[in-house]
Every structure is written in C-alpha cells, then in structure tokens.
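Comments concern the structure below.
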Amino acid sequence: MRIVYFDVAAIIILLVMGFSYFGNKILPLHAIKIQGYLLIAIFYSTVLDLLSCEFGNHPGLVPHWVMFWISFGYFIFRSAIAFVFFWYIYVATFEEKRWKKICRNYVWGLCIALYIGFIVNIFVPFMFYVDEAGCYHRQSGIFVIYAIAATCSVLAFINILKDQKHLNRNERRSLCIFCVLPLASVIVQFFFPSLLVEGCGISLCFVLMCLEIQKPDQLMDHHTGIMNGRAFEQEVVYKLQRKSEFGLLLVFSSNYEFIEELIGAQSAEKFIAKIAQEVKKLTKSRKVFYLGAGKFAVLFRLAEENEIVETTKKGIVQAVKRWEFGDLKMDLPVNACFLRAPEEIHCLDDVYCYIEYLATMHLEDGSILLADELDIKDARRVRSVESAVERAVHEHGFQVFLQPIYNVKEKLFTSAEALIRLQDPDIGVISPDELIPIAERTGQIIAMGRQVLESVCQFIAQNNLEKMGIEYIEVNLSVMECIHAELVNEMNFLTQKYGIRLDQINLEITETATVGNSQMLSSNMDSLFRQGMSFSLDDYGRGYSNISYMMELPFRIVKIDKSILWFSSQNEKAAIALKSMIGMIRKMGMKILVEGVETAEMAGEMERL
C-alpha cells in the first residue's frame, strides 16, 4: 500500500500556485513563460503519479493498457521537469560563454535521446512495463531516466554558480535548492516506493523559487506600470542567445534631469508615466520597458519596423510633447532611435553604448534617429574602460608613479605627488582624465584609491624620505573618498600597518569635493588634521573658488589650477587674478603651489611673485 498524502498535498499546493500564476496578468517574458511550463510539468506528473499509485493499490480497477499510458505520461512529464528547469536556468542566467552553449546542446541531445527511448519502450519495454494484471514493473533501463535528470540538474547547478553577477545570494540559493532537493526526494521515493514524496518535494522547491525569483513585482516599474530594466536585460539577452532577429525602439527625454530639478521628482514621475502609457498604446506592444532617467525601450519584430517607425513619427513624439504642470505649459522634447539585432546589436553592452551615446548628443526636439546615423565608438570606449578598471581593481593592476614638486624658496624638490596610471593589455594606456571619472561613476574609485594609498605607504616604509629631501607625498582624493565614512579608519590602518607617520602624507582635495557633503568632509579632515596629517586644496580657480572653504577647513597648501597660469601669459586680467590669488593665499598663512609650470619663463615669473 502506497501513501498518497504527499501527492495530494503537492497537488493542492500546485493548484494554488496555478490560480496565482494564470489568474494574474502574465508578463510577456520568456523566463516567466518557462516558469509556467515548469508548473504544468510538475502538476501533471504529480497527478499521474497519484493515479498510478491509486490504481496500483487496486489492481484490475482499470485496464492494464490505461495503467501503462498513465505510467508513460508520468515519466514524460517528470523527465520534462529537469529539461524545462535547465531551460529556465539558461534564460535566467546572463553569462554568455562558450561552455554554456555546449551545455545547452548537450542537454538537447539528452532530451532527444531520452524521448526516443520512451518511444522504443512502447515496443521493447527496457525501462518499465505493466503486466496483464495492471501491475507496474521497473526494468534496468529505468536508471537512464534518473541519470539524465541528474545530469541536467548538475549542469543547471553549474550555470547558477557561474552567474555571480546577475543572481543575488537568495536567488542562487533558491535555484540550488531546486537542483538538490528534488534529487533527494527522487532517491527517497526510489528506495521507499510507498512514500510518494517526490511530487511534494518538487512542488515545495517550485514555491520557494517563485517567492525568490521572477516575482512580477521585481520585474515591474511601479511608477509607470510597465516592465523595468531587469526584465529588459533578461529579454534582450535571451533573444541574442537565440540569435533572433528583432528591432529595438529607444524613446527618451533629452532633458529629464532638468525637468526633475524644475518640477520635483514626484511630478517628473507623472510626466514619465504619461510617456509610458502613450508609448504602450501607440506601439500596441506589450514589451515596453522603462530603463530609468526618462528612457524607454520597445522590442518588436523586424517585420513591424515600418509600422513602428510611422507610429513613432506621427504619434509618440507629438503625443507627449505638450505637458501641463498646474498653470505651467511646457513643450518637453522626446526623441527616438531605432536599432536592429543582430545587425547593430551583438550583446547587451551594445544597447547601453547606444543609450550612453544618445545621452551625450544635442538633438533637435522630436528627432528620430537610425543606428547608421550614430557613431558610438566613444561609448564603446567607455564600456571598455569600465571593464578595464574593474579588472585592474580585482588584479591590482594600477601603477603608481611619483612626480617631484619643486620648491622655489628652497630651490629643491621637497615633496612629490602620487600619480595613478593604468595600462590595460586590451586597450592600452588609459589617462587619468578618462580613468578617474569612470571609476567614480562605477563606484570603483574607493578600491582604486585604497590601492594608491597602500602603494604610497609601502614606498615611504621602504625608503628614507628625509635622506631624499622629501617632506611628504601628496595623494589625490576623489569626491567619493573625501566623504567616505571609513576614510579615517583606513588611513590609520595603513599607516600602522607600514609603520609610517600621518604627517608623511598630504591629502589633496579638489574644490568640487568641498561643495556638498561638507559635514562628512569636515569631520574627516578635522580628525586626520588633529593626528598630524596635512591637506591641500587642489585645482583652485577652476571651479567654484569658494573662499569660505579655505577659511573653514584646515588646508595647509592651496594648488592653483594650471589653466590660470597658462591664461595669465595671454590675458592681463588673468595675470592680475593670479597675482591677487597668490597674495591673498600667502596672507592667509598657507603655502602656494602653482600647477602647469612648463618653461623657464614661467618658473621665473612664479619666483618673482
């Protein structure tokens, strides 16, 4: 006698999940659809397993051929679970690698071989058979089914572990459980046939997967009511993996940041919601995505391109142009761009390259562009540098050089400045002017700055600065580093680690860092200043030139930007400004460093001042 309560519980769970899944609006994403196929496979296999056991408990209740086809259907659907789950993992994980394609082809081969085996079993029962009395019997070939299912689970498990970038910890955990727990329940039921725990174990895993992964709320933008950037990435990656041909319409407001600043974030969201509804209505497409910052994307079939182009020209751009905010009526420019895959889009990065490039363009209101009108070399360069910076952070690939600083009073080199350089094996030398802004935008600047500080501390520990005539080494801090809450702790840790003094390092802070977040900056500076560290105000004269920061913050040195010096040789007003700056800073009791001295004449002029 077999215990069917586990299967009954599993069917109830699956019915509830089915009502939840099919009773709500299903997002038009392949991963969501595959989730539905997985639910169907689990449900039918569990129902057939229950029927098989009930009829097995009561031989002769149905003809033996009915019992055979019930068992046959059970194995068809139960083995399909492994294949559909691997398909789901293939779509849900973003990593596009050669081994992943090999895994996909291998699983397809296993799938075809197994289902051919099921057909052969009808005529030559090497897996299972049902005798004339309606009793089910296993054959040695049954192990092929379990071996293939286990192989699919192992390959899916490897894919999950490989994708560390796009799956968070909870998602990886849930998917790994789906790989392991069903196998455990299958083993239990195989050795204890009376316990029908297989369907219940798989159903519980499915519930956990639905709670952690592919929840509609995670794929929707709540302000616009359409799908978000995560859903967009999933769909584009899936289509590119399949080498599908499709079109992509990008709709964007070229001055969204200005709108948000002018009318506030809440009102700007209403404006974006209006664009979303117009785009969705006019394109008649369910695959409309909001990518953030006033940018939308619409996926469509290439056969629909002419219709979408005309709709965009006549409808979308004009429909959202005039917008009212209270009594204020504004013409808000909306532009569009058309892309084709795989002709112009080869990977997800290409899409973002186009988006970033479009953000830098100065377009006429209502512009509609085609990909062949764009030159995205600069945007691709940015993406390449981003990757190079990420590699260098992980591999400690940055180089630090020391540039001596000449003291006109002592007529000696009395200090040095640490300069960071990056030579990537793929794209070559990356200048600091290009490197620093990208590192700041991608959040790598903290790790990069830490490596520079550690290199400087290591150099000081290994060399006697006093014998070299060097009082201190200057290190540039980015805006993010200046307001980093752990700056003081990290400086103390590094100086103690290498056995050096804080006064052997001078931290350079740019003018832009003093604007905003002044409380955190002031706290960091005061704490380090009390411990003996000195500070320089960098690039003075290029930005805000706010004198109040020079009075309030404990700067010891002011570095006048090189543009002031260079311009002073051509413009009398600039020369007067430079002379006045130097006089004012000297009277405030701070040292002066003028950047950009490149000729003997410049050096002589600085000595006279």
Side-chain angles (χ1 to χ4, degrees), residues 7 10 14 30 33-53 56 65-93 99-130 136-160 175 178-191 193 196-199 201-203 205-206 209 241-242:
D7 267 352
L14 293 169
H30 283 88
K33 293 177 182 177
I34 296 170
Q35 204 173 44
Y37 300 149
L38 190 59
L39 172 61
I40 292 169
I42 297 171
F43 177 77
Y44 280 115
S45 66
T46 305
V47 169
L48 291 170
D49 189 30
L50 178 62
L51 291 175
S52 174
C53 292
W65 60 269
V66 173
M67 185 66 176
F68 173 82
W69 286 110
I70 289 174
S71 300
F72 186 85
Y74 162 77
F75 282 113
I76 289 289
F77 282 107
R78 191 64 101 207
S79 57
I81 294 172
F83 295 122
V84 175
F85 179 66
F86 177 84
W87 184 19
Y88 177 81
I89 296 301
Y90 182 82
V91 172
T93 54
W99 69 267
K100 186 176 177 183
K101 294 180 181 179
I102 294 173
C103 289
R104 177 198 62 190
N105 296 335
Y106 183 65
V107 169
W108 273 115
L110 291 177
C111 179
I112 293 169
L114 181 59
Y115 283 98
I116 289 175
F118 285 140
I119 295 172
V120 171
N121 188 79
I122 298 174
F123 306 101
V124 182
F126 70 100
M127 294 180 177
F128 68 92
Y129 72 94
V130 176
Y136 164 83
H137 299 277
R138 294 173 178 170
Q139 298 289 85
S140 58
I142 198 76
F143 291 102
V144 174
I145 301 174
Y146 295 108
I148 289 178
T151 301
C152 290
S153 295
V154 169
L155 293 176
F157 186 80
I158 294 172
N159 274 279
I160 295 165
L175 292 174
F178 200 106
C179 293
V180 176
L181 190 56
L183 283 177
S185 61
V186 167
I187 292 171
V188 170
Q189 185 167 323
F190 182 83
F191 288 104
L196 303 185
V197 296
E198 188 177 329
I202 296 174
S203 300
C205 289
F206 181 76
M209 188 178 78
Q241 287 176 345
R242 289 171 57 88

Inset, instruction - Would you give the length of the straight line joining atom OG of Ser79 to atom CD1 of Ile148, rounded to the nearest 0.5 angstrom? - result: 8.5 Å

Inset, instruction - Take Cys152 and Phe83 through the test side chain to side chain contact (heavy atoms under 4.5 Å, CB included) and record every step on the way to the result. - result: CA-CA 7 Å; Cys152 290; Phe83 295 122; 3.5 Å; yes

Legend entry - Pair Trp65 and Phe68, ring centroids less than 6.0 Å apart: no

Legend entry - Rounded distance [0.5 Å steps], CZ in Phe72 versus CE in Met67: 15.0 Å

Legend entry - Pairwise distance SG(Cys111) to OH(Tyr106) - rounded to 0.5 angstrom: 13.0 Å

Inset, instruction - Any chance you could measure Ile42, atom CD1, to Phe206, atom CZ, to the nearest 0.5 Å? - result: 5.5 Å

Inset, instruction - Could you give me the CA-CA distance, side-chain angles and deciding distance for Met127 and Leu114, then say whether side chain to side chain contact (heavy atoms under 4.5 Å, CB included) is met? - result: CA-CA 11 Å; Met127 294 180 177; Leu114 181 59; 4.1 Å; yes

Inset, instruction - Could you check whether the rings of Phe118 and Tyr115 sit parallel, tilted or perpendicular, using 30° and 60° as the cut-offs? - result: perpendicular

Inset, instruction - Please report the shortest heavy-atom distance between Ser45 and Phe77, naming the atom on each side. - result: CB-CB, 3.7 Å

Legend entry - Set of residues satisfying ring-ring contact (aromatic ring centres under 6.0 Å, His included) with respect to Tyr146, sequence neighbours excluded: Phe190

Inset, instruction - Take atom CZ of Phe126 as the centre, draw a 6.0 Å sphere, and report whether it contains more than 12 heavy atoms from other residues, nucleotides or ligands. - result: yes

Inset, instruction - Show your working on side chain to side chain contact (heavy atoms under 4.5 Å, CB included) between Arg78 and Ile145 and close with a plain yes or no. - result: CA-CA 9 Å; Arg78 191 64 101 207; Ile145 301 174; over 6 Å; no

Inset, instruction - Compare every heavy atom of Ala156 with every heavy atom of Phe86, then report the nearest pair and how far apart it is. - result: CD1-N, 3.9 Å

Inset, instruction - Using side-chain hydrogen bond (donor to acceptor under 3.5 Å, both in side chains) as the criterion, list what pairs up with Ser203, not counting sequence neighbours. - result: none

Inset, instruction - Please work out which of the three classes, parallel, tilted or perpendicular, describes the rings of Tyr129 and His137, given edges at 30° and 60°. - result: parallel

Inset, instruction - Could you give me the CA-CA distance, side-chain angles and deciding distance for Trp69 and Val130, then say whether side chain to side chain contact (heavy atoms under 4.5 Å, CB included) is met? - result: CA-CA 9 Å; Trp69 286 110; Val130 176; over 6 Å; no

Inset, instruction - Kindly compute the distance separating CD1 (Ile76) from CD1 (Ile81), expressed to the nearest 0.5 Å. - result: 12.5 Å

Inset, instruction - Please check if atom OH in Tyr44 has more than 12 non-hydrogen atoms from other residues, nucleotides or ligands closer than 6.0 Å. - result: no

Legend entry - Nearest heavy-atom neighbours spanning Leu14 and Phe43: CD1-CA, 3.6 Å

Inset, instruction - Please check if the side chain of Ser52 supplies one atom and the backbone of Leu48 the other of a donor-acceptor pair under 3.5 Å. - result: no

Legend entry - ring-ring contact (aromatic ring centres under 6.0 Å, His included) involving Phe75 - partner list, sequence neighbours excluded: Phe128

Inset, instruction - Please round to the nearest 0.5 Å and tell me the distance separating atom CD1 of Ile70 and atom CG of Asp49. - result: 11.0 Å

